[in-house]
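Just below is one structure, and these are the notes that go with it.
None of the values given here were measured: they were computed from a predicted structure. Labels below follow one simple rule: chain letters A, B, ... track the order of the sequence lines, proteins then strands, and each chain is numbered from 1.
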Amino acid sequence: MRFTVSLPPDQFDLQRCIYSGQVFRWITLAEDRWQGVDGGHWYRVTQKEPGLYEVETNGDEATFRRLFRLEWDAQAIREELLQRGPELEPYLGSLAGLRLMAPSDPVETFFSFLCTPNNHIARITTMVGALASYGSPLEGNLYRFPEAEVVAGIPEAVLREQKFGYRGATIPRAAGELARRGGRAYLESLKSASYEAAIEALISFPGIGAKLADCIALFALHHTEVIPVDTHIWQAATRLYFPEWRETSMTDLKYKAVSRHLRERFGEYAGWAQQYLFLDSVLNWRSRAKG
DNA sequence: TAGGGACCTGCC
DNA sequence: GCAGGTCCCT
């Protein structure tokens, strides 16, 4: 079906959302045209003018609006974040329209973030696309991401041939463990678990540490109060809140302290704050690397 | 506990 | 050299 979405640009900037490291299954078809997959749905989106998107999909308007959390008022959330942390102003100011997304398929998100450690976004996108092609076809060359059992059955050698490197071993191993615990139903059950319980469950997977567990809790299980502390957030957090830890390396203890501080400061909107801090850091990594 | 190094590949 | 880290080792 086809429909249009009309929102002010400061409420919704699709390009910023899909290239901010939350999802890895979108490509740019033309300057103002994108294509993406989320769960069992594909979307082709054309920006007709600022604030007006035309969407073609095998899903419907509700699935699209859920994916981008369009029912959340981004302006109100930005104001709330500024109340809780005025120091966020420079980060929020230049990234209008960026939104925290809500990917619908926890299995797809689980494996997407298993591709991210010690990696960069361009290659992550390639790898997630390669894994997705083991799933069932949706339309053209678009696939629904496969279940854990299927990923578990991919031989390490095959993934290594596909340039997965050492992740060719860790991904099927984690998949086997997920399948053993019940696959999709297991991840769904963690949605209603407490943050602490979900993290404890996720962190016991091979290849998943504190950071990936937080990413999966935020993007797959929709625990919006979570703020994964990656290298970018670590830089920002030590600059803003833990100056005594600047230039030091992260440890388990520091991770917990920073994570808890940010979670308590920004509450249920911590995930949104993370998105602004992360994208700002990625876009400015050149200048920031200098000093 | 806190450090330090290895790990695949690709792009600066 | 270093990427949205994790694991293993002193």
Side-chain angles (χ1 to χ4, degrees), chain A residues 16-26 91 95 98 100-101 103 108-131 154-175 177-178 199-220 226-239 242 244-259 262 270-290:
Chain A
R16 279 195 176 136
C17 292
I18 63 176
Y19 286 118
S20 58
Q22 319 186 60
V23 293
F24 303 94
R25 300 201 60 199
W26 288 76
Y91 301 94
L95 293 175
L98 177 60
L100 177 68
M101 294 176 67
E108 174 174 4
T109 302
F110 178 92
F111 288 108
S112 295
F113 280 95
L114 232 21
C115 294
T116 63
N118 195 19
N119 210 346
H120 50 267
I121 289 184
R123 185 156 78 116
I124 294 165
T125 302
T126 306
M127 290 167 62
V128 174
L131 287 179
I154 308 174
E156 173 183 347
V158 172
L159 290 179
R160 291 217 175 233
E161 276 172 31
Q162 297 190 81
K163 310 300 181 188
F164 275 66
Y166 59 85
R167 298 177 195 78
T170 59
I171 289 173
R173 196 175 304 147
E177 178 61 19
L178 178 54
I199 293 304
E200 186 182 354
L202 291 169
I203 219 167
S204 65
F205 279 89
I208 297 184
K211 194 281 184 169
L212 283 202
D214 273 347
C215 284
I216 294 165
L218 174 59
F219 295 113
V226 176
I227 181 156
V229 184
D230 58 32
T231 152
H232 298 283
I233 301 301
W234 173 250
Q235 294 297 323
T238 54
R239 197 164 55 241
F242 296 87
E244 68 275 21
W245 284 343
R246 283 188 62 169
E247 310 297 315
T248 71
S249 60
M250 172 113 68
T251 66
D252 235 32
L253 220 55
K254 291 181 194 168
Y255 187 102
K256 285 192 177 64
V258 171
S259 168
L262 295 173
W272 290 76
Q274 185 266 356
Q275 215 47 50
Y276 287 102
L277 290 170
F278 174 77
L279 185 56
D280 174 84
S281 177
V282 167
L283 295 177
N284 297 304
W285 71 272
R286 285 170 198 278
S287 54
R288 210 171 290 283
K290 291 288 183 184

CE-NZ distance between A/Met127 and A/Lys163, expressed to the nearest 0.5 angstrom: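 Between atom CE of A/Met127 and atom NZ of A/Lys163 there are 12.5 Å.
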
Between A/Phe24 and A/Leu131, is the side chain to side chain contact (heavy atoms under 4.5 Å, CB included) condition met? List the steps. CA-CA 11 Å; A/Phe24 303 94; A/Leu131 287 179; over 6 Å; no

Counting just side-chain N and O atoms, does A/Arg123 come under 4.0 Å of either OP1 or OP2 of B/dC11?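 Negative; the distance criterion is not met.
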
On the nucleotide B/dA2, are OP1 or OP2 found under 4.0 Å from the side-chain N or O atoms that A/Thr251 carries?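 Indeed, a polar side-chain atom of A/Thr251 lies that close.
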
Interatomic distance where [atom1] belongs to [X] and [atom2] belongs to [N] [whole Å]:
X        : N      : atom1 : atom2 : value
A/Glu161 : B/dT9  : CD    : C1'   : 15 Å
A/Asp230 : C/dT6  : CG    : P     : 10 Å
A/Ile171 : C/dC7  : CD1   : P     : 14 Å
A/Tyr166 : C/dA3  : OH    : P     : 13 Å
A/Leu159 : B/dT9  : CG    : C1'   : 14 Å
A/Gln22  : C/dG4  : CD    : C1'   : 12 Å
A/Lys211 : C/dA3  : NZ    : P     : 13 Å
A/Ile121 : B/dC12 : CD1   : C1'   : 15 Å

Using both distances under 3.5 Å as the test, list the Watson-Crick or G-U wobble partner of C/dG4, or none.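 Matched C/dG4 with nothing under the 3.5 Å cut-off.
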
Nucleotide forming a Watson-Crick or wobble pair with B/dC8, both distances under 3.5 Å: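 Pair assignment: B/dC8 / none.
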
Heavy atoms under 4.0 Å, any strand shown: does [X] hit a base, just sugar-phosphate, or nothing?
X        : value
A/Leu253 : sugar-phosphate
A/Thr248 : nothing
A/Ile124 : nothing

A/Glu244, CD atom: more than 12 neighbouring heavy atoms under 6.0 Å: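 Correct, the count exceeds 12.
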
With a 4.5 Å cut-off on side-chain heavy atoms, are A/Thr116 and A/Asp230 touching?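 The answer is no, as the side chains (C-beta and beyond) never meet within the 4.5 Å cut-off.
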
With a centroid cutoff of 5.5 Å and a plane-angle limit of 30°, would you call A/Phe278 stacked on C/dG4?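 Yes, A/Phe278 stacks on the base of C/dG4, since the ring centres sit under 5.5 Å apart and the planes are within 30°.
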
